[in-house]
Structure formats: structure tokens, C-alpha cells
Asker: 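Provided herewith is a single structure, encoded as C-alpha cells, for subsequent inquiry.
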Amino acid sequence: MRIVFAGTPEPAVPSLRRFIESDRHEVVAVVTRPDAIAGRGRKVTRSPVGLLADEHGIPVLTPRRPSEPEFIEQLTALAPDCCPVVAYGALLPQELLDIPRFGWINLHFSLLPAWRGAAPVQAAIDAGDEITGASTFQIEAGLDTGPVFGVVTEKIAVTDTAGTLLARLAETGARLLETTIDGVEDSTLQAIPQSTEGVSYAPKVVAEDGHIRWDQPALAISRRIRAVTPAPGAWTEISGLRLKVGPVEMVEESLPERAIDVRKSGVFVGTATTAVRLDQVQPQGKRMMAALDWARGARLEPGAVVE
């Protein structure tokens, strides 16, 4: 099939790579979000999907809005048979959905209808789900509501962050997406409507979602930190300065809420239940470091608390 692949971030790269290496599909173009300013150097940077396409000499389309007439004309001229999508990052108008004869088929990192929306992996970890997965479905006008072709499941480890879990799902999901496209082309696969039960939503995660609420139970805090790691990252404030916090360890002892206790064995913070031990932290303008090294250098005042 003639493929136009739509995707933007790193988790979409394994899927694009499989289609590039496929013997039965031709990637005639890639659609990705426009180049953006990123990194400490504030340089204009190509998306990971765009970079991979460039490496293989594949034309890259970067419309600011998919509804732009020029982009619709470009896609029509490319005459794709199917458009696989992985984390493209923009809603598609019906006029675009109607162009490929097999439509647009999306790889979504949840077991639909659970966690429709922008941040399904983060939501699954934050909610304490034990099992998640990936689904392929036919894109329609609704938000992740289309009929499902196939799923793969993945166990969520107690140490998983959104980054580690998404990396695994990106690989297993890529195989699922390729198998789905093959089945659609061969007419051996039929999409099944999603259940109306068990629907949940996962809105986009923003920086404020990473602000740790120390008045919550230790388990909820641990899940939230893992859910927002590596991006946008969990953080707290001490004496008005922001401190990024990596995954924590729950311990069987209590401290007053928000209290910091620095010992030879580590740095502990009180929550609504038991305390947690900090592992890695990152002060403003510095690298990630061991919490104990940070605490020794920070020279915290007696009675210091996190905010």
C-alpha cells in the first residue's frame, strides 16, 4: 500500500521505522508537527519522526493546521491508500479522513475505551492500573471513539515511569500497527465498535500536574511522580526554589506532612500517610543528582518543609 505516516514524538518512531523497512508498503510521505524551539540552546528542532523521514529521503509535510487547503491538496495528490497515525498531535477534519481509501488508522497507547485522550500512559500509572496496552482503531470524528482492529496488553511494573512504559508500548504497538495495516489490506481484519462501558479520559498533562501534593497518601504521590516522569516532571518548592523530584521509595515510618528529614540513610519527606525517601532530585539550573548530595549542599534550615 501507499502509506502516508502521521506522527511526531519519539514513541512514533518505531512504527514509522517498521513501515520504512516493510517489503509490502511504501511510505510516500510523512506528516508531522512543524519544527519547534526546544532544548537549552532554544534551537529550532525537527520532530523525531521528521528526522527519521529525512534520513531516508522521505518527503515531510508540516502543516500548522491539518485543515489548511494547501495540505489537503498535497495529501490528495499523494493518493495514499492508508494513513497510519501515532501521536501526531492534531485533530483531523473529515475532509482529510475521506482521502485514503482505507482511512486513517491510529495506534493509541491504552486499552480502549479506557483512557481516551492525549496522555493515556500517564493516566494509567496515576490511577494505579495494573494492566494497560495499545489499540489500533479507525479514526472518526470523535475523540478516540472509532472501532478497534486489535490490541496488545502490557503489565505496569511498580517501578515503571511514563517514559519506560511508553518505550515498551511503542515497540509492541508498532508491531500491532503493522499487523493491522496488513490485515486491512488483505481484508482479513474487521474493526469492532468500542464498548460504551468503561470509558475514561486522559487529558494532556501540563507542568502544574507535576506539582507534588504532599498532603496526599504516599502511594498517590509515588504514582503521580512516576506518571509525570520524565515529562513534564514532578516538582516541589523549598524556600521558594523549585526542586525537580524523581521517583520515590515509600518507607514504613511516619513524618509530619511536608517535613524534610535528612539522615545518613537518605532524605525523607512526610506525607498524609507514611514517609517517602527521595532518590534523584534536580535543583534549578543544575543536573540531576542524588538527593542526599543535594541536601548536604543545600544546608537546609532546621524545620524546613516542602511546598
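Because the structure is a prediction, the values reported are computed rather than measured.
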Asker: Counting only N and O atoms by type, is there a donor-acceptor contact under 3.5 Å from the side chain of T32 to the main-chain atoms of G7?
Answerer: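 Yes, because the side chain of T32 sits within donor-acceptor range (under 3.5 Å) of the backbone of G7.
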
Asker: Is the number of heavy atoms from other residues, nucleotides or ligands under 6.0 Å of L91 CG greater than 12?
Answerer: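 No, because the 6.0 Å sphere around CG of L91 holds 12 heavy atoms or fewer from other groups.
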
Asker: Transitively linked via ILVMFWY side-chain contacts under 4.5 Å: I105 with V13?
Answerer: yes

Asker: Check D209 against V205 and note the closest heavy-atom contact, atom names and distance.
Answerer: OD2-CA, 3.4 Å

Asker: Is the shortest heavy-atom distance from the side chain of S47 to the side chain of D35 under 4.5 Å?
Answerer: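 The answer is no, as the side chains (C-beta and beyond) never meet within the 4.5 Å cut-off.
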
Asker: Let's go through D182 and H25 carefully: what are the C-alpha distance in whole Å and the side-chain angles of both, what is the deciding distance for side chain to side chain donor-acceptor pair (under 3.5 Å) to 0.1 Å, and is it a yes or a no?
Answerer: CA-CA 9 Å; D182 290 349; H25 305 301; 2.6 Å; yes

Asker: Please evaluate residues V86 and N106 with respect to the criterion side chain to side chain contact (heavy atoms under 4.5 Å, CB included), reporting the C-alpha separation (whole Å), side-chain torsions for both, the decisive distance (0.1 Å), and the verdict.
Answerer: CA-CA 6 Å; V86 185; N106 191 62; 5.8 Å; no

Asker: Checking V245 against I225 for the side chain to side chain contact (heavy atoms under 4.5 Å, CB included) test, could you report, in this order, the C-alpha distance in whole Å, the side-chain angles of both residues, the deciding distance, and whether it holds?
Answerer: CA-CA 8 Å; V245 178; I225 292 173; 4.3 Å; yes

Asker: Would you say that L189 contacts D186 through its side chain, given a criterion of any heavy-atom pair below 4.5 Å between the two side chains?
Answerer: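 They are not in contact (no side-chain heavy atoms under 4.5 Å apart), so the answer is no.
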
Asker: To the closest 0.5 Å, what do you measure between CD1 (I181) and CE (M1)?
Answerer: 5.0 Å

Asker: Can you name the nearest heavy-atom pair linking A118 to P203, along with the distance?
Answerer: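 Of all heavy-atom pairs spanning A118 and P203, the closest is CB-C, 4.4 Å.
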
Asker: Walk me through whether D81 and R2 qualify under salt bridge (charged side-chain N to carboxylate O under 4.0 Å, His left out).
Answerer: CA-CA 5 Å; D81 296 308; R2 288 174 58 82; 5.5 Å; no

Asker: Any side-chain to backbone donor/acceptor pair from T236 onto L243? Under 3.5 Å, distance only.
Answerer: no

Asker: Give a yes-or-no answer on whether the side chains of T271 and Q216 include a donor-acceptor pair shorter than 3.5 Å.
Answerer: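 Short answer, no.
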
Asker: Going hydrophobic residue to hydrophobic residue with side-chain gaps under 4.5 angstrom, can you get from F109 over to V152?
Answerer: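 As far as the 4.5 Å side-chain criterion goes, V152 and F109 are connected within one cluster.
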
Asker: L143 and G117: which non-hydrogen atoms are nearest, and at how many Å?
Answerer: CD2-CA, 4.2 Å

Asker: Under 4.0 Å between a side-chain nitrogen and a carboxylate oxygen: does that hold for R224 and D126?
Answerer: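 Salt bridge between R224 and D126, a charged N being under 4.0 Å from a carboxylate O: yes.
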
Asker: Can any side-chain N or O of T172 pair as donor or acceptor with the backbone N or O of R168 at less than 3.5 Å?
Answerer: yes

Asker: Treating E171 as the side-chain partner and A167 as the backbone partner, does any N or O pair qualify as donor plus acceptor under 3.5 Å?
Answerer: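 No, E171 side chain to A167 backbone: no donor-acceptor pair under 3.5 Å.
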
Asker: Do any N or O atoms from the side chain of Q194 and from the backbone of D144 form a donor-acceptor pair under 3.5 angstrom?
Answerer: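 Yes; judged by distance alone, with no hydrogens or angles, the pair exists.
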
Asker: Show the nearest heavy-atom pair for residues L166 and P11, with the distance to one decimal.
Answerer: CD2-CG, 3.4 Å

Asker: Do F71 and V31 have side-chain heavy atoms sitting under 4.5 Å apart?
Answerer: yes

Asker: Using 0.5 Å steps for rounding, measure from the CH2 atom of W115 to the CD atom of Q122.
Answerer: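 The CD atom of Q122 is 11.5 Å from CH2 of W115, to the nearest 0.5 Å.
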
Asker: State plainly whether the residues D160 and R226 are in salt-bridge range, i.e. N to O under 4.0 Å.
Answerer: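 Salt bridge between D160 and R226, a charged N being under 4.0 Å from a carboxylate O: no.
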
Asker: Kindly determine whether T136 and T180 satisfy side chain to side chain donor-acceptor pair (under 3.5 Å), including the steps that lead there.
Answerer: CA-CA 7 Å; T136 49; T180 297; 2.9 Å; yes

Asker: Going from OG on S135 to CZ on F149, what distance comes out if it is rounded to the nearest 0.5 angstrom?
Answerer: 12.0 Å

Asker: Any chance you could measure F5, atom CZ, to S15, atom OG, to the nearest 0.5 Å?
Answerer: 5.0 Å

Asker: Quick check: do I139 and L92 have side-chain heavy atoms less than 4.5 Å from each other?
Answerer: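 The answer is yes; the side chains approach within 4.5 Å.
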
Asker: Hey, does I260 have a side-chain heavy atom less than 4.5 Å from the side chain of L300?
Answerer: yes

Asker: Can you tell me how far apart OG (S22) and CD (E178) are? Round to the nearest 0.5 Å.
Answerer: 5.0 Å

Asker: Show your reasoning for whether side chain to side chain contact (heavy atoms under 4.5 Å, CB included) applies to V148 and I192.
Answerer: CA-CA 5 Å; V148 173; I192 300 173; 5.6 Å; no

Asker: Pairs in or reaching into residues 249-261: which pass side-chain hydrogen bond (donor to acceptor under 3.5 Å, both in side chains), with residues at least two apart or in two chains?
Answerer: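 Output for this query lists E249-R277, E253-R263, R258-E307, D261-R263.
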
Asker: With no hydrogens and no angle check, is any side-chain donor or acceptor of T229 less than 3.5 Å from a backbone partner on G233?
Answerer: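 No; zero donor-acceptor contacts below 3.5 Å.
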
Asker: If we ignore hydrogens and angles and just use 3.5 Å, is the side chain of W235 paired with the main-chain N or O of A207 as donor and acceptor?
Answerer: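 Pair found, side chain donor or acceptor close to backbone of A207.
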
Asker: Is it true that atom CD of Q190 has more than 12 heavy atoms of other residues, nucleotides or ligands lying nearer than 6.0 Å?
Answerer: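 No - once you tally the heavy atoms of other residues, nucleotides and ligands closer than 6.0 Å, there are 12 at most.
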
Asker: Using side-chain heavy atoms (C-beta onward) and a distance below 4.5 Å, is H108 in contact with P120?
Answerer: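 Touching, per the 4.5 Å side-chain cut-off.
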
Asker: Can D129 and R223 be counted as an ion pair, charged N to O under 4.0 angstrom?
Answerer: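 Salt bridge absent between D129 and R223.
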
Asker: Give the C-alpha distance, both sets of side-chain angles, the deciding distance and a yes or no for side chain to side chain contact (heavy atoms under 4.5 Å, CB included) between I238 and W294.
Answerer: CA-CA 12 Å; I238 299 176; W294 159 78; 3.4 Å; yes

Asker: P84 versus L107: any side-chain heavy-atom pair under 4.5 Å?
Answerer: no

Asker: For R24, is the CZ atom crowded, meaning more than 12 foreign heavy atoms sit under 6.0 Å from it?
Answerer: yes

Asker: Taking the side chain as C-beta and beyond, is there a heavy-atom pair between F137 and P147 under 4.5 Å?
Answerer: no

Asker: Over all heavy atoms of both residues, which pair between A53 and V60 is shortest? Give the atoms and the distance, please.
Answerer: CB-CG2, 3.6 Å

Asker: Is there any side-chain hydrogen bond (donor to acceptor under 3.5 Å, both in side chains) pair reaching into residues 237-247, and which pairs are they, with sequence neighbours excluded?
Answerer: none

Asker: Okay, side chain of S222, backbone of A218: is any donor-acceptor separation there less than 3.5 Å?
Answerer: no

Asker: Kindly compute the distance separating CG (L176) from CZ (R18), expressed to the nearest 0.5 Å.
Answerer: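 Result: 10.5 Å between the selected atoms.
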
Asker: State whether the side chain of Q94 and the backbone N or O of D98 hold a donor-acceptor pair below 3.5 Å, judged by distance alone.
Answerer: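 No, the answer is negative, given that no donor and acceptor are paired below the 3.5 Å cut-off.
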
Asker: Taking atom CD of E130 as the centre, does the number of heavy atoms from other residues, nucleotides or ligands within less than 6.0 Å exceed 12?
Answerer: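 For E130, atom CD is not crowded (no more than 12 foreign heavy atoms under 6.0 Å).
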
Asker: Tell me the closest heavy-atom pair linking I99 and T76, and the distance in Å.
Answerer: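 Looking at all heavy atoms of both residues, the closest pair is CD1-OG1, 3.4 Å.
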
Asker: Report whether L16 and V85 are members of the same hydrophobic cluster (ILVMFWY, side-chain heavy atoms less than 4.5 Å apart, transitive linking).
Answerer: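 In one cluster: no.
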
Asker: Please check if M250 and I212 belong to a single hydrophobic cluster, counting links between Ile, Leu, Val, Met, Phe, Trp and Tyr side chain heavy atoms closer than 4.5 Å.
Answerer: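 M250 clusters together with I212.
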
Asker: Let me check something: do Y88 and I3 share a hydrophobic cluster, defined by ILVMFWY side-chain heavy atoms less than 4.5 Å apart, either directly or through other members?
Answerer: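 In one cluster with Y88: I3, no.
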
